[in-house]
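I have placed the structure first, in the form of structure tokens, so that the comments after it can refer back to it.
Throughout, numbering of the chain's residues begins at 1 and tracks the sequence. All values reported here derive from a predicted model rather than from experimental measurement.
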Amino acid sequence: MIPFIIGLISLAVFIYSDTHGKTQLLDIRILKWLSTSLSAFTYFALQFVNIGVSFLIPVYCQYVLHSSPFIAGLVLLPGSLVGAAISPYAGHLADSKGYAFPIILGLSSMTLGGFLFFGIQAVLTAWIVLLIYTFLRFGFNMGFSNTISNAMLNVPRKYTADVNSLFSMLQQFAGSIGVGIMAAVMAISQNNGTGSLAARSFVGGRYDFLLATLLSATALIAAIMNFRLQKRTKLNIEESD
């Protein structure tokens, strides 16, 4: 509790000094634009789910599916390869069809991937986990880079460096918080539940899969709202011209 309070106080001091001081690390006033705030949340959620699930899966495979450490790590490999291969195509889609299509497609894929983990958890095997994770990573790489690129287009040019700095910071925090929360949920279930270690780990995994699904779905809603807002703003500008 004390570290949390210290963190809140430090955040308040940073916000005050950033908005009232003579020098700034970054101009957080860019968040006054709703489109930027929605993009920031989407970006945070994408990285939270990606890193959190990447941590969860090897742990889940070892404790629940009784896979070897080698297999537990190997199930992540195809998803990582697919993600790396899909990133250039995601950028091409954004160039040809606009940012809305790849970002919404990616978030839809992540939401569906999380829901599959949660919905068919009782019949998961290492092979099924591999396939669903690959599908989830496809969604992540569809939306991640395009989200920050889209955010930079919706602020005045002088603020693009601040957007880049803010989103880089969010990326680091999302990864650490994602791992921290999912690890804490799993640890609480393992230490305080009933039954075998596998059964307790199953419950912890269920809560984590549900969290990943809900956060992905919330980010999807935020992205849909964002692109509707951008479309409406663009129409208003065109009508005023």
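Taking the six-membered ring where the residue is Trp, Tyr43 and Phe144 present parallel rings, their angle staying beneath 30° rather than reaching 60°. Between Phe138 and Phe135, the two ring planes are parallel [angle under 30°; tilted spans 30° to 60°].
Residues Phe115 and Tyr60 do not share a hydrophobic cluster, clusters being chains of Ile/Leu/Val/Met/Phe/Trp/Tyr side chains in contact below 4.5 Å. Linking ILVMFWY residues whenever their side-chain heavy atoms come closer than 4.5 Å, directly or via other members, places Val179 and Leu215 in the same cluster. One hydrophobic cluster, built from ILVMFWY side chains closer than 4.5 Å, cannot hold both Ile132 and Ile86; they sit in different ones. Put simply, Leu211 and Tyr207 are part of the same group of oily side chains (I, L, V, M, F, W, Y) that touch within less than 4.5 Å, one to the next. Linking ILVMFWY residues whenever their side-chain heavy atoms come closer than 4.5 Å, directly or via other members, places Phe140 and Val49 in the same cluster.
Between Val129 and Cys61, the closest heavy-atom pair is CG1-SG, 4.2 Å. Here the closest non-hydrogen pair linking Ala72 and Gln62 is CB-CG, 3.6 Å. Between Ala84 and Pro88, the shortest heavy-atom contact is O-CD, 3.5 Å. Closest approach of Ser39 to Asn150, counting heavy atoms only: OG-ND2, 4.0 Å. Between Leu229 and Ser35, the shortest heavy-atom contact is CD2-N, 3.7 Å. In terms of heavy atoms, Phe167 sits closest to Ile148 at CB-CD1, 3.6 Å.
Judged by distance alone, the side chain of Ser109 and the main-chain N or O of Gly139 form no donor-acceptor pair under 3.5 Å. Remark: side-chain polar atoms of Thr36 are not paired, donor with acceptor, to backbone N or O of Lys32 under 3.5 angstrom. Within the 3.5 Å criterion, the main-chain N or O of Leu31 finds a donor-acceptor partner in the side chain of Ser37. In terms of modelled atom types and a separation under 3.5 Å, the side chain of Asn192 and the main chain of Ile188 share a donor-acceptor contact. Using modelled atom types, one side-chain atom of Gln121 and one backbone atom of Phe202 make a donor-acceptor pair closer than 3.5 Å. Checked by atom type and distance alone, the side chain of Ser87 pairs as donor or acceptor with a backbone atom of Gly83 at under 3.5 Å. In this structure, the side chain of Asn50 does not engage the main chain of Leu46 through any donor-acceptor pair within 3.5 Å. Checked by atom type and distance alone, the side chain of Asn146 pairs as donor or acceptor with a backbone atom of Ala90 at under 3.5 Å.
With a 4.5 Å cut-off on side-chain heavy atoms, Leu77 and Leu130 do not count as touching. Looking at Val163 and Met152, their side chains come closer than 4.5 Å, going by heavy atoms from C-beta outward. Between Tyr89 and Pro102, the closest side-chain pair of non-hydrogen atoms is not below 4.5 Å. In this structure, Trp33 and Tyr159 have side chains that are in contact, with non-hydrogen atoms separated by less than 4.5 Å. Here the side chains of Leu220 and Ser216 are not in contact, with every heavy-atom distance at 4.5 Å or above. Looking at Tyr133 and Ser54, their side chains come closer than 4.5 Å, going by heavy atoms from C-beta outward. You'll find the side chain of Val185 stays beyond 4.5 Å of the side chain of Met182, heavy atoms only. Inter-residue side-chain proximity for Ile221 and Leu107 is flagged as unmet; no heavy-atom pair is nearer than 4.5 Å.
For the atom pair NE2 of His66 and CG of Leu197, the computed distance is 8.5 Å after rounding to the nearest 0.5 Å. Taken to the nearest 0.5 Å, the CD1 atom of Ile57 stands 9.5 Å off from the CG atom of Leu124. Taking CZ of Phe48 as the reference point, atom OG of Ser176 lies at 9.5 Å (rounded to 0.5 Å). The CG atom of Leu76 sits 11.0 Å away from atom CG of Leu81, with the distance rounded to the nearest 0.5 Å. The CD1 atom of Ile224 lies 12.0 Å from the CD1 atom of Ile103; values are rounded to the nearest 0.5 Å. Atoms CG and OG1, on Asp208 and Thr213 in that order, are 10.5 Å from each other to the nearest 0.5 Å.
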| Hey, mind stepping through Gln230 and Asn154 against side chain to side chain contact (heavy atoms under 4.5 Å, CB included) and telling me if it holds? | CA-CA 8 Å; Gln230 291 178 30; Asn154 289 280; 3.4 Å; yes
| task | Start with the C-alpha gap between Tyr99 and Leu93, add the side-chain angles, then the distance that decides, and say whether side chain to side chain contact (heavy atoms under 4.5 Å, CB included) holds. | result | CA-CA 8 Å; Tyr99 286 102; Leu93 275 181; over 6 Å; no
| query | Between Leu136 and Met110, is a side chain to side chain contact (heavy atoms under 4.5 Å, CB included) present by the stated rule, with each step listed? | reply | CA-CA 5 Å; Leu136 189 145; Met110 291 191 72; 4.0 Å; yes
| request: Go through Thr125 and Leu65 one step at a time and tell me if the side chain to side chain contact (heavy atoms under 4.5 Å, CB included) criterion holds. | output: CA-CA 7 Å; Thr125 65; Leu65 303 181; 5.5 Å; no
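In the model, Asn226 has no side-chain atom that pairs as donor or acceptor with a side-chain atom of Thr42 under 3.5 Å. A side-chain donor-acceptor contact under 3.5 Å links Ser201 and Gln190.
Within a 6.0 Å radius of CZ in Phe41, more than 12 heavy atoms belonging to other residues, nucleotides or ligands are found.
Proximity of the aromatic rings of Phe118 and Phe209 is defined here by a centroid distance below 6.0 angstrom, and this criterion is not met.
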